[in-house]
Number of protein chains: 2
Amino acid sequence: MSVTDDLAGRFRTLWDEIAPIGRVAGSGGYLRYALGEHEVLLRAWFREQAARREMPVTEDGNGNLFAWWGEPDAGDAVLTGSHFDSVPHGGAYDGPLGIVSALLAVDELRAAGVAPVRPVAVAAFVEEEGARFGVPCLGSRLLTGVLDADRAAGLRDAAGVSFAEALGGRPTGARPELVGRFSAFVELHVEQGRALVELDAPVAVATAIWPHGRWRFDVTGEGNHAGTTRMADRRDPMLTYAFTVLAANKEARLRGAHATVGRVSVESNATNAIPSKVTGWLDARAAEPETLTGLVDAVQAKAVERARRDGTEVALTEESVTPLVAFDGGLGGRLAALLDAPVLSTGAGHDAGVLAGHLPTAMLFVRNPTGVSHSPAESATDADCAAGVTALARVLAELACH
Amino acid sequence: MSVTDDLAGRFRTLWDEIAPIGRVAGSGGYLRYALGEHEVLLRAWFREQAARREMPVTEDGNGNLFAWWGEPDAGDAVLTGSHFDSVPHGGAYDGPLGIVSALLAVDELRAAGVAPVRPVAVAAFVEEEGARFGVPCLGSRLLTGVLDADRAAGLRDAAGVSFAEALGGRPTGARPELVGRFSAFVELHVEQGRALVELDAPVAVATAIWPHGRWRFDVTGEGNHAGTTRMADRRDPMLTYAFTVLAANKEARLRGAHATVGRVSVESNATNAIPSKVTGWLDARAAEPETLTGLVDAVQAKAVERARRDGTEVALTEESVTPLVAFDGGLGGRLAALLDAPVLSTGAGHDAGVLAGHLPTAMLFVRNPTGVSHSPAESATDADCAAGVTALARVLAELACH
C-alpha cells in the first residue's frame, strides 16, 4: 500500500465515524442543523477528537469552537477548519470535509515530526448555511462583529426557538482580540461545481467569492375558496410569486448571473383555497456588484408590475448581502505556487468570505465528480480527499511551521 | 324583542359555545382537522347537545355521527347537518353552520309544537374538506360506497397517521341499509360567493355543483447549489412549477372555468439550494365536464412542454374528480317555492354532492357579506343565520312533519 493509499484509508476511517450522524434513511441527505440534535453530536465528536490529539478546545461565546495545536495565546496563529451544519437534505462533504481534513493534516505534520512555530487552530464555525436561523455565516459574522449580537440573539428558527436559546445564552458578539490572534485563515472545502473535473486536478486554490445575497419577497393577496371565487374577483398571490420566479431566472440569464428561488412558504397551503400570502426567497449572485444590483432591481420591478395586474402587493426585503470578496492575493498566489494548483473563483458564500475582511484568507477546493452541491449527490473520492489533506498539511507547514 | 331577534340571540348563544374551539390566536382562522384535537372536542359537544335534546346519536363505522329526532329505524328519514372540520386557517361557518342550524331548527319545531311523522337525522360528517387525509367528502364517500374502505383506511396525514389509526379501527365502508333509510338530504351551508349579496336575499336553494377535481403535479429536477451551478447546467423544477401555475390561470380564464394552485411542497426548500422536486396541486372546476377535461389537458400539455425546456420531468396524477352534480330538480324546485328563495349553482364540493347520487338532495345557502370562503374573512350575520334556521325548520316541517 502506498503512502497516499494509506492516507486515503485513514481519511475513510475518520470520515465513517461521522457519516451516519444526521443522515436521512432513503435519500442519503443530511439534516445537520446548527445547534440541533445532530450538529451537537458532531460538536461532541470534535471535542473528543481534539482531546485525543491533546488539542485544547476554546469556545468564543458565539458557538464557534477552536481546537488548538500550540499555545492559544501565542498570537500569529494559522486558522483552518470549516463548519458541521448542512442545508436541509444536503450532502456529507460541504463543511465537515474542512474540519476532518484539518485534523488529519495536523496528524500528518506530527507524523512527519513537524512542530508549529506559530499555533494552528482548527475551527468548527456555527450556522454557516443559515438553514436554521436564516443568516448564513452566522458564527463568523458574530466573531468578526459583522453581525450585531442582539440581532443574532433574536433570530428564530421555524419552531420559534431563538439563537440565544439554542446557544444557551446571549452570544458574545465581536471578539477583536481573538480575531487579532490569527495571521491567516485557510478553509478547505469540497468544490461546488465541475471546474476541477474539467481541469483534471484534485485540488485548487480559490481567489474570490462573487457578491451575493438573499432577498425575501412577500406577496399578499386575499385567501378565498378555490371553487367559488370567480377568476376576475381573485387576488391570488401565487400568480405573482410564479411570475417572479420566472422573471428572476430570465433576468439572471440575460446578465450571466445566478438567480434561484428554492424556498417558498404559503398561507394556508390548502388545495382548495386561494392563498392569502406567498413568500419566496431569491438567492442572487453575480461576478460584479453592479450586475447583482441591476438583477435584483429588475426582478423587483417585474414583480411589482405583475402584482398590480394580480391585485396583490409585493414587498422585497434584503435579508443578507455579502459584497465581492477578493481573497488576499498574496496568500492565494503563494499557496497556488506552493501546491502547483489551479486557481478558481466561486459563487458560494463561506466563512472564509467573512474572515477575509479581517485577515489574509484563502480557500482550497477538493474535486467533486458530480459538481453537485447542497444535495446528497455531492461527492469526493477518498483519494482526492487525501490529496486535500496533503495540500492543507503543506499549507500549514508553510504558514505555521517555519 | 322580536321573535326573529330572539332566534338570532339563541343562534349567537349556541354559536359562541364552539367559537373558541380550534381558533388560532391572531389570524382568527381555524385549525379543525378531522378527528384531530379540536374536531374531537366538537364531536363531544355534538353528542352533549344531542343528549340535551334527547336525540340518540349513532355512528356509522366511518366516523360520521347522526343525532336522531324520532325513531332511527323508522325509515323515510330526512337527513340534514354538515361537517365540523375546516381547511387550514379556514373560517368559522363552513360546515359548523349547517350542524348548529339543524339543532336550532329542531328546537324551533319543538317550540312550535310540531312533531316529526318521519324521523329527522342531524349529521356531522367526517373529513369533508380533505385537509387532513387528502380526500374531500371522505365520510360521505365511505358511507355511500363511493370510496373503498381499504383505500380510506390507508390514507395518511402529514404526520404519517392513517385514517384507520385516527378513527380507532378500519372504517366499515358502504352502509346501503343506512343510506336506504333516508328519503332526502338538505344541507345548509354558508354561501361561498357574493351572489346572495347581489340578490339582496338571506337564503338561497342550490341546484347543482360544478364538476371539479384535484390533480397533483410532481416536477422532478436536480437539487444543486444555488450559488455555484451555472444557469445552463440547471434542471430546476421550480421553473416548471411556476410556469404551470401561470398556465393554469390563463387556460381557466380562457374557458370561463376556475383553476387554482394553492398548495405546493418543495424539496429541500432551502434558500441557497435549487430544489430537487416541486409538487403542486391543481384544483380545477367548470360548469361542463368537457370544459374541465379540456382545461386539465391544456395545463398538462403546457407543463410537459415547459419541462422539456427546463430539463425536468413532470407527472400529473388525478387525486379525485367529482362529476357534475345536478341536485334533484323536484326537491330543489319544491323548496325554492316553499321558501320563495332564489336558486343558485356552485363551484364548491359538498357531502350533499356525494349523497345526491343516492337520494333526493338539496342545499340551502346563507348569505356571506364578504363572499370570502376558506378564510377567516368568511362571515354571516346572526340575523341571516336566524333566517337560515327558520328556512331549514320550514323545510324539515315540510319533509318530515306531515
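By convention in this document, chain letters (A, B, ...) are assigned in the order of the sequence lines, proteins followed by strands, and residues within each chain are numbered from 1.
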Can you confirm whether [X] sits close enough to [Y] that some side-chain heavy atom of one is under 4.5 Å from a side-chain heavy atom of the other?
X	Y	result
A:N272	B:H374	yes
A:L246	B:L246	yes
A:D236	B:N249	no
B:S373	A:T229	no
B:N368	A:H225	no

Minimum heavy-atom separation for [X] to [Y], with atom names?
X	Y	answer
B:S268	A:P88	CB-O, 3.0 Å
B:T228	A:A348	CG2-CB, 3.6 Å
B:V372	A:E222	CG2-OE2, 3.8 Å
B:A259	A:M231	O-CE, 3.5 Å
B:A226	A:T260	CB-OG1, 3.4 Å

- From B:Y241 OH over to A:Y241 OH, what is the distance, rounded to the nearest 0.5 angstrom?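 Here the interatomic distance stands at 7.0 Å.
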- Task: Look up atom CD1 in A:I274 and atom OG in B:S375, then write down how far apart they are to the nearest 0.5 Å.
- Result: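 If we round to the nearest 0.5 Å, A:I274:CD1 and B:S375:OG are 10.0 Å apart.
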Region of [X] that comes under 4.5 Å of a non-hydrogen atom in chain A:
X	result
B:R234	side chain
B:V245	both
B:T271	both
B:E267	neither
B:A284	neither
B:A270	both
B:V87	side chain

Largest heavy-atom contact set with chain A, pairs under 4.5 Å, which of [options]:
options	result
B:E319, B:Q192, B:E129	B:Q192
B:D233, B:T244, B:D94, B:V264	B:V264
B:V278, B:T370, B:L239	B:L239
B:E191, B:R230, B:M238, B:R194	B:M238

- Contact class of A:H258 relative to chain B, heavy atoms under 4.5 angstrom: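 Both parts, backbone and side chain.
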- Item | Under 4.5 Å from a heavy atom of chain B, the part of A:A257 involved |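 For A:A257, the contact with chain B is made by the backbone alone.
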- Task: Give the member of A:I209, A:T346, A:N224, A:D283 that has the highest number of heavy-atom pairs under 4.5 Å with chain B.
- Result: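 Heavy-atom pair counts peak at A:N224.
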- Taking every heavy-atom pair that is under 4.5 Å apart, which of A:R216, A:H212, A:E378, A:R253 has the most such pairs with chain B?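 If we count pairs closer than 4.5 Å to chain B, A:R253 comes out on top.
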